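Structure first, then comments.
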Amino acid sequence: MAKLGRFITFEGGEGTGKSTQAKRLQAKLAQRNIPSILTREPGGSPGAEEIRSLLLQGNPGRWEPLTEALLFYAARADHTDRTIKPALVAGKWVICDRYSDSSYAYQGGGRGLNRETVRRIEAIAIGDFKPELTLILDQDPEIGLARVASRTHKETRFEEFDIEFHRRMRKSFLDIARRAPDRCAVIDANQDVDAVEEAVFQLLKTRLRIK
Ligand code: TYD
């Protein structure tokens, strides 16, 4: 059987630079002739991209936390079955900008949905499927929110929640890292972009043993 690809996720708050780092990591893998795909959530498959606009546009109060979690996991189930797993089976590495930990941090920590409720929805949607390595970019949310405020885009629903929401969400990510230290690593996102890239790559070397 062909060798399976490996599944790596980036997580963190608003404006922590995940997308830039995900792109840089893909370029580094390409230099080593490692085939990969770069994908994101919510989205990453045609159906999940349609659900994305329901989630990211409109008022912060548009959905109750439970409905919101169900929508995120509906998108995630489609993305996992139709994009992520087929790529891994084809031997490609998958780099994903946000995955299930974002639901624990945003719908759980941020919006106050019970952790056990998130876990049960997760179990139905994706079973025990998990990334092999999760890189959590950590930063004071005031800095990240200031960074995204200067962008011009229309998908701002979560940016509009108050600062306390973002502080709870950051705490949840740190809690996730404490609960799953073998899978997760926390990286200080206050460093410059090159230093974060280097920290990411060091982790790939030690955790996934790439050269
Ligand atoms: P996006 O524009 O992709 O922002 P970012 O660059 O910060 O990832 O928007 C994704 C938003 O959706 C972001 O605010 C986090 C939120 N989100 C959740 O609340 N729960 C989830 O499970 C996921 C995947 C994202």
Side-chain angles (χ1 to χ4, degrees), residues 7-25 38-45 47-80 83-84 94-113 115 117-126 129-131 134-163 165-173 176 189 193 196:
F7 183 27
I8 303 166
T9 56
F10 281 90
E11 295 281 4
E14 308 295 314
T16 49
K18 291 175 288 83
S19 315
T20 306
Q21 293 301 332
K23 280 192 206 116
R24 288 190 175 207
L25 176 58
L38 179 54
T39 184
R40 65 151 183 201
E41 288 206 347
S45 62
E49 288 291 331
E50 286 195 40
I51 299 174
R52 178 182 172 95
S53 40
L54 295 175
L55 283 161
L56 301 190
Q57 295 174 17
N59 298 325
R62 180 176 185 184
W63 306 111
E64 292 300 320
L66 175 64
T67 317
E68 190 173 283
L70 290 165
L71 285 168
F72 272 111
Y73 277 103
R76 182 162 300 129
D78 193 69
H79 179 214
T80 304
T83 302
I84 298 176
V94 175
I95 304 166
C96 191
D97 187 346
R98 295 194 184 282
Y99 195 63
S100 203
D101 296 314
S102 279
S103 293
Y104 283 91
Y106 279 76
Q107 283 63 55
R111 301 213 60 198
L113 194 63
R115 192 176 179 281
T117 304
V118 180
R119 197 198 59 72
R120 286 165 68 191
I121 303 171
E122 177 186 53
I124 292 168
I126 56 170
F129 183 69
K130 282 196 176 13
T134 295
L135 303 154
I136 298 174
L137 302 192
D138 178 59
Q139 188 179 44
D140 180 341
E142 302 214 23
I143 300 174
L145 286 170
R147 206 195 281 179
V148 294
S150 60
R151 292 183 196 159
T152 47
H153 66 141
K154 55 181 171 51
E155 293 175 323
T156 55
R157 193 170 150 252
F158 285 94
E159 292 160 25
E160 287 165 19
F161 281 98
D162 66 16
I163 188 72
F165 169 93
H166 292 276
R167 292 201 178 111
R168 288 195 299 277
M169 186 263 291
R170 179 192 196 188
K171 221 168 134 261
S172 294
F173 276 127
I176 289 166
V193 208
V196 176

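Each ligand, and each atom within it, is numbered from 1 in the order the structure gives. Keep in mind that what you see is a predicted model, and the values were worked out from it rather than measured.
Side chains of His166 and Glu14: a donor-acceptor N/O pair is absent below 3.5 angstrom, by distance only. Residues Ser53 and Gln57 have side chains that never bring a donor and an acceptor to within less than 3.5 angstrom of each other.
Looking from atom 18 (C) of ligand 1 to the surrounding protein, the closest heavy atom is Phe72 CZ, 3.1 Å.
Taking only nitrogen or oxygen atoms, main chain and side chain alike, Gln107 reaches within less than 3.5 Å of ligand 1. At under 3.5 Å, not a single nitrogen or oxygen of Glu155, backbone or side chain, sits near a nitrogen or oxygen of ligand 1. The N/O atoms of Glu14, backbone and side chain alike, include one that comes under 3.5 Å of an N/O atom in ligand 1. Any N or O atom pair closer than 3.5 Å counts here, and Glu41 shares no such pair with ligand 1.
Not a single heavy atom of Arg157 lies less than 4.0 angstrom from ligand 1. Under a 4.0 angstrom heavy-atom cut-off, Arg52 registers as being in contact with ligand 1. Residue Lys18 places a heavy atom less than 4.0 Å from ligand 1. Under a 4.0 Å heavy-atom criterion, Arg98 is in contact with ligand 1.
Ranked by closest heavy atom to atom 9 (O) of ligand 1, the top entry among Val118, Leu56, Asp101, Thr16 is Leu56. Of the candidates Tyr73, Tyr99, Phe158, Phe10, it is Phe158 that places a heavy atom closest to atom 16 (C) of ligand 1.
Between the side chain of Asn59 and the backbone N or O of Arg62, no donor-acceptor pair lies under 3.5 Å. No donor-acceptor pair under 3.5 Å is formed between the side chain of Thr83 and the backbone N or O of Thr80.
Between Arg151 and Glu159, none of the side-chain N atoms (NZ, or NE/NH1/NH2) sits under 4.0 Å from a carboxylate O, so this pair counts as no salt bridge. For the pair Glu142 and Arg167, the salt-bridge criterion is met [side-chain N within less than 4.0 Å of a carboxylate O].
Within ligand 1, the atoms closer than 4.0 Å to a non-hydrogen atom of Ser103 are 21 (C), 22 (O), numbered from 1 in the order shown.
Of all non-hydrogen atoms in Ala189 and Thr16, the two that sit nearest each other are CB-O, 3.8 Å.
The part of Arg76 lying near ligand 1 is the side chain, judged by heavy-atom distances below 4.0 Å.
Less than 6.0 angstrom separates the ring centroid of Phe129 from the ring centroid of Phe7.
Side-chain atoms of Arg24 and Val193, non-hydrogen and from C-beta on, do get closer than 4.5 Å to each other.
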